[in-house]
Amino acid sequence: MTGIRTTDLPIIAAALTLYSCSANLCSLTQSVSLSLNGEEPFCRICHEGLSAGDLLSPCECAGTLAMVHRVCLEHWLTASGTSHCELCHFEFALERLPKPFTEWLATPSMQRRTLCGDIICFLFITPLASLSGWLCVQGALDLYYSNGMEAFGLLMLTLALFTIYLFWTVVSLRYHVHLFKSWRETNPRVRLQTPRPAQTPQRQQNLALHFLFKDKGKETVV
Ligand SMILES: [Zn+2]
Ligand SMILES: [Zn+2]
């Protein structure tokens, strides 16, 4: 690494002042990066700048690959199922949260189409079963004194009808609840925890020095 020139001292002093005054890691890295490079940093995933959201430097990557949007990184970690940087292998502090039921419903798949089919069947069969049961019970009451066996048969038919209806409803419900739980366990929402609590002061200092004295020739190579 080349030595520090006297002309660099005002820039270094300004950057260190920013570091000491700010506890916000994101704003610190953005300010230092802007002041030294003279160009707006951009996200290494979507290639958008600050207009698309706050930029973080959450790992050890340097140069043009240092910055990333929190949302972009979280989407990438969720999709890839990893918990570390693919380039520098820095292990992120992550929190994995269960996704909501509405997101499961909005995810297109064969399971969701089956659920829609079962809901339509339920909405169709429920009034039909209720009407059939009511008619059978009415018929059984009318035949109770004139034809006891036929009345008994109608009551058994009503009982069988509702048993099948309840069995199908419970089995379908358990099946779809099982699918939802399995999906939620295998598709958690990843939330990045930055800065890592145990490393906050040291990591902020490292990042400030990292942006101040980084050697352009040692930028992370893809
Ligand atoms: Zn981005
Ligand atoms: Zn990295």
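One-based numbering, in listed order, for ligands and for the atoms of each. Quick note: numbers below take in every heavy atom, side chains included, and nothing from hydrogens, waters or symmetry partners.
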Checklist entry - How would you list all residue pairs meeting salt bridge (charged side-chain N to carboxylate O under 4.0 Å, His left out) that involve residues 99-119, not counting sequence neighbours? => result K99-E103, E103-R189
Next on the checklist: Only to 10 degrees, please: what angle do the SG atom of C61 and the SG atom of C85 make about the Zn ion (ligand 2)?
Outcome noted: 110°
Item to check | Protein N, O or S within less than 2.8 Å of the Zn ion (ligand 1), waters excluded | outcome: C43 SG, C46 SG, H69 ND1, C72 SG
Item to check | F92 and F90 aromatic centres sub-6.0 Å | outcome: yes
Next on the checklist: Between V68 and W76, is there a side-chain heavy-atom distance shorter than 4.5 Å?
Outcome noted: no
Item to check | P188: partners by side-chain contact (heavy atoms from CB on, under 4.5 Å), with sequence neighbours left out | outcome: R96
Checklist entry - For residues 163-188, which residue pairs qualify under salt bridge (charged side-chain N to carboxylate O under 4.0 Å, His left out), counting only residues two or more places apart or in two chains? => result none
Next on the checklist: Using 0.5 Å steps for rounding, measure from the CG atom of L154 to the CD atom of E150.
Outcome noted: 6.0 Å
